[in-house]
6 protein chains.
Amino acid sequence: MRPSGRAPDQMRTISIEPNFTRHAEGSVLIGFGDTRVLVTASIEERVPPFLRGKGEGWVTAEYGMLPRATHTRGSREAAKGKQSGRTQEIQRLIGRSLRSVTDLKALGERQITLDCDVIQADGGTRTAAISGAWVALRLAVNKLIAGGQLTRDPIRQQVAAVSCGIYQGTPVLDLDYDEDSAADADGNFVLLSDGKMAEVQATAEGACYDEEALLRLLRLARIGAKDIFAAQLKAVG
Amino acid sequence: MRPSGRAPDQMRTISIEPNFTRHAEGSVLIGFGDTRVLVTASIEERVPPFLRGKGEGWVTAEYGMLPRATHTRGSREAAKGKQSGRTQEIQRLIGRSLRSVTDLKALGERQITLDCDVIQADGGTRTAAISGAWVALRLAVNKLIAGGQLTRDPIRQQVAAVSCGIYQGTPVLDLDYDEDSAADADGNFVLLSDGKMAEVQATAEGACYDEEALLRLLRLARIGAKDIFAAQLKAVG
Amino acid sequence: MRPSGRAPDQMRTISIEPNFTRHAEGSVLIGFGDTRVLVTASIEERVPPFLRGKGEGWVTAEYGMLPRATHTRGSREAAKGKQSGRTQEIQRLIGRSLRSVTDLKALGERQITLDCDVIQADGGTRTAAISGAWVALRLAVNKLIAGGQLTRDPIRQQVAAVSCGIYQGTPVLDLDYDEDSAADADGNFVLLSDGKMAEVQATAEGACYDEEALLRLLRLARIGAKDIFAAQLKAVG
Amino acid sequence: MRPSGRAPDQMRTISIEPNFTRHAEGSVLIGFGDTRVLVTASIEERVPPFLRGKGEGWVTAEYGMLPRATHTRGSREAAKGKQSGRTQEIQRLIGRSLRSVTDLKALGERQITLDCDVIQADGGTRTAAISGAWVALRLAVNKLIAGGQLTRDPIRQQVAAVSCGIYQGTPVLDLDYDEDSAADADGNFVLLSDGKMAEVQATAEGACYDEEALLRLLRLARIGAKDIFAAQLKAVG
Amino acid sequence: MRPSGRAPDQMRTISIEPNFTRHAEGSVLIGFGDTRVLVTASIEERVPPFLRGKGEGWVTAEYGMLPRATHTRGSREAAKGKQSGRTQEIQRLIGRSLRSVTDLKALGERQITLDCDVIQADGGTRTAAISGAWVALRLAVNKLIAGGQLTRDPIRQQVAAVSCGIYQGTPVLDLDYDEDSAADADGNFVLLSDGKMAEVQATAEGACYDEEALLRLLRLARIGAKDIFAAQLKAVG
Amino acid sequence: MRPSGRAPDQMRTISIEPNFTRHAEGSVLIGFGDTRVLVTASIEERVPPFLRGKGEGWVTAEYGMLPRATHTRGSREAAKGKQSGRTQEIQRLIGRSLRSVTDLKALGERQITLDCDVIQADGGTRTAAISGAWVALRLAVNKLIAGGQLTRDPIRQQVAAVSCGIYQGTPVLDLDYDEDSAADADGNFVLLSDGKMAEVQATAEGACYDEEALLRLLRLARIGAKDIFAAQLKAVG
């Protein structure tokens, strides 16, 4: 039995509130149950040094967690003077995931930064962040198209992410905090709307897992991704 | 004429949504017009080194601005590896303001940290933060009282803050971004519900100001503070 | 009774030794009683990035305290790897104060940096720094005028600063360390020779203060500023 | 055709030189072809704060790359003042991988740190590091057993890692630098000697991959792991 | 001919003003010509971790240069967030030099920190700092003896430092800035009043030097040290 | 008697393995007994800002110690976020030493960086680093000459370094760790193949030393340097 009473293949409620803030070209407050992440997409007409003059754009991400997003207060990374390894790992993952569905040549020499800030954490912050970042990116690119700055859509398809894990011997979808902290193994799956995968990260915490378990987690992830893809489309109208 | 069409002594709409997040002992989303700040109050049963064993508590604050809270994206302080002078100045002001209404001995050997994170900025983020922090502090202290951890209320009165400035020759209340960036002088007033002042910071930007102008700004601030005090009380029930 | 035996409206001895060091375009050792601050003004023929090509100059300040300027040794900020919030707050205040009397267009595309280093601290280091910085700035600008690099004087008037506070119920002028650490409220007043104000920062430490008290502190500040203005003029000949 | 002329399921030459340095409790120079990583295991009779007094040990890892391990010189992380996100991601992976085969209770309240320093890089530095770290850990634990400090062996089985990827449409084992920089997708597989998995990280670089491809990469990884397990056993005698 | 007109074996004027500041247990403003260094000695009743409980004391030094001590303004190390290699090299040298004449056991479990801050630089700042630090240390230790905290004098003898170099082919004593920046080789000599050496650091800048040259520099250093020893004794009465 | 049984004027075995790694333009693993340092020389076609456009090159060095090169594990400088004072002092010494034999004009506008990483430490790491750096530099410059990028050899002669010290009253050559940690005085001598000196750094640890002792240490250093010069020549063929 899951602590939340959910079925093993049941996602938490997905909530997506587009245009949550005013200034960003794209913004969204996404919720996977009690996990809530604010994602903004900012367009800048410049690219990082390694891309200058190549006629290509860039999509990147930054991730942060408000100090009291969690059960007990964590210290503020800006005050400590550095981002943790976990933060850097997550923001690199978000950036790669969004680039996997973006035609950077079609984007032109501009950069879109996806800022993912966790307002409230209950497991799955990185997967909610990726899923919300696609919406923010979509909204920002829509503005570029509407404004005539882009004639060809650089977004090739949708990308969504969800975590799955083995909780008390059973593979379950979309771990919340209680499950996550007790899971034997868990994985983050970044999936595309055409059925392919952009990234799989499966980690044993207690017992290691076999190929069969990996495939069962992947199948659960596909179920969750379907719900997320639908919620994304609804949010961007 | 003010860009927003407000009268010189008119506050923007004050919105206070208590219990905006789940984990913090106190939390609030406060809005002064389009400026929106999330404040959480976190109770920890420990005090900073300089207070250990003295039977007194501490109230402190941290302040941050999400990178795209502003019109153009600012860099993330956690990524740059340090907090700006402006950030430190503001969080010191918030902490002093809240301590000015708290009986630290009555609080006992515990610390309450007020995290003020700007979700959206349109002028007056520090004054909204102080005004919201009082609500978050009040909610957190209520929990301590309800839980029997405190028998005497350490909060002596309300504290609120508002900015006033001289815009195109006229003293006006509660500057928004358009006014703030063009004001000749502006001040932040931290006022108490008994009519006293905790802090006055008045700065000339263009022309310097005289005593008469300072007093007119202070009078406007009192008008705004009255509205904020009422909104605070309504929010905490 | 004040610990120093001074009357409530009595400044400490103001000493100003111009040209204290050789290399700087302007330099001064200023003393308010036992508080001694070395201020140098350095002219550089470049401006910060946000001003490039705008035909305007910039005046900025940095502040430091030698580790054993104080009663007990403080740690060296260069060794700790960062400037404290207090240091940044003070250097921002010094910079704003000096810019309030400078016509930046008349200065031309150059920057003057005022380095204020506290040799010995006994209360009022930031107000002594501002008052001394005006002298250093004046001396440096005089060199630019004498050298023909400036034809119009960019310094519009004098600026001076002094602290006042409520010590044992009585408003007093120019707090020394003993008074400062026991004051109920204190304020830093940055005043101009035309009678206007550049900055007022009044903070309650113990009890909060009312409008009447603020005005009494301001009146004391005007008395002190008169003495400082006279000493500045004498120093620059 | 692979640039090296290897068959798709062919590992590079695995070389393992145990006891490469004198001071560490365990040390090894491991080579996967031209990739060479020096791994040392250091035993300390203390544990991190979160484990104190719990009767459990800890295994952790740090990773570094000598500035000229690579084709062009990279900057030294110690000189830049921080470790890159990539470095932190890798050292977290190495630590988790080794903990997945260690019974931390059986290890007792001590910490073993695995320092993995890349002397020469030609692709697969993190997988060589994990594979070598097991040997260094094994050697260090053998000393604890030989010295009577441990009576029960805390190492449950072997762990090895290898990268696989899709290079010009073909799944290949153990990517070298030329392949790695051109691969469409690649994965790092951390496998145990009982056939289970500790970690799978598969990332699309160009085209995304499907389930079939993931399974083919995993099968290749098992082939490579077999060779590594044999080389590890031979090295530790 | 030396730019200053001095004879090759002539020191600049040595000026030592003891008790330059009030709070430090020992303080001195030392001048070697236009080079002026403020040195304070601070006594703390604690030792660094590696000495705790060993019944021994510690003498250490920190060094800084005010931003405009030099001909052109240098950046402030506290603002840059780190001390340069040069700064660290110098403060290590000062600490070693003073420890070479101190009986750390006789000092007892306390630390004396020598803060050497360069007010004005004209070559030889590190040698002036060492020579002044001995005076500040002597004054501080005198207070400990006068206060009955020490019964045995831990200072075994005097230490002084001076630079010598080969300027336009001629060995000269006590290089000023003009000579220092053009010297072929220069050395810093830390000498004791019994004639022994605590430290010799001789460096070729342009041409390398031979043994004969080294000995001639050393002989000049002895001449300078004699003057410094006399000035030190006069300063401490 | 020396712990190693060596005669007072006996070097440890010098081993030099050129071309130890593949990517660097020059690389060498040098050993002085159990001390082993990997040195790579990297050529970059750019110079530091202060040399741009002057038609001169630059030779610089960086130094690091692997965490477990030593008897007990030291913390990793990249993880701590800064290089120690000792590290910076050493890398500055290495850079100066190599520049003392290089004609920077003949090198042209390019920079050669010598990375010296200590694999295993047993005393004398900085002297082994300097001695090995000459070989790496020689190999890199040979490539420039062979490739026609240089027509005139910028290396004027050989440079080698060795430490000497007074151990139990006897001057000895090439201190190992056991001797180094117990020596009364020790010196690092950087010598040129023409008999001149580039740098002498002699430091008293316990007792101070006199001129006679300094000269005896220097004579021992010459004996050691002869061996090192021969080994260098043999290594570069």
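Naming: A, B, ... by sequence-line order, numbering from 1 per chain.
The distance from atom OG1 of A:Thr72 to atom NE2 of B:His23, rounded to the nearest 0.5 Å, is 9.5 Å. From B:Ile119, atom CD1 reaches atom OG1 of A:Thr21 across 8.5 Å, with rounding to the nearest 0.5 Å. Between the OG1 atom in A:Thr40 and the CG atom in B:Leu66 there is a gap of 7.5 Å [rounded to 0.5 Å].
Using a 4.5 Å cut-off between heavy atoms, A:Tyr177 does not touch chain B at all. The contact between A:Thr113 and chain B is made entirely by side chain atoms (from C-beta outward), counting heavy-atom distances below 4.5 Å. The contact between A:Gln120 and chain B is made entirely by side chain atoms (from C-beta outward), counting heavy-atom distances below 4.5 Å. For A:Gln91, no part lies under 4.5 angstrom from a heavy atom of chain B.
For the residue pair A:Glu62 and B:Ala79, the shortest heavy atom distance occurs at OE1-CB, 4.2 Å. Closest approach of B:Arg68 and A:Ala41 over heavy atoms only: NH1-O, 4.0 Å.
Residues B:Asp117 and A:Pro67 are in side-chain contact: their nearest non-hydrogen atoms beyond the backbone lie under 4.5 Å apart.
Of the residues considered (B:Arg73, B:Glu77, B:Lys80), B:Arg73 shows the highest number of contacts with chain A, using heavy-atom pairs under 4.5 Å. Counting heavy-atom pairs under 4.5 Å between each of B:Thr70, B:Ile43, B:Leu38 and chain A puts B:Thr70 at the top. Most heavy-atom pairs under 4.5 Å with chain B: of the set A:Ala69, A:Gly64, A:Ala78, this distinction falls to A:Ala78. Of the residues considered (A:Arg22, A:Lys82, A:Glu44), A:Arg22 shows the highest number of contacts with chain B, using heavy-atom pairs under 4.5 Å.
Within the cation-pi definition used here (under 6.0 Å to the ring centroid, within 45° of the axis), A:Arg76 does not qualify as a partner of B:Tyr63.
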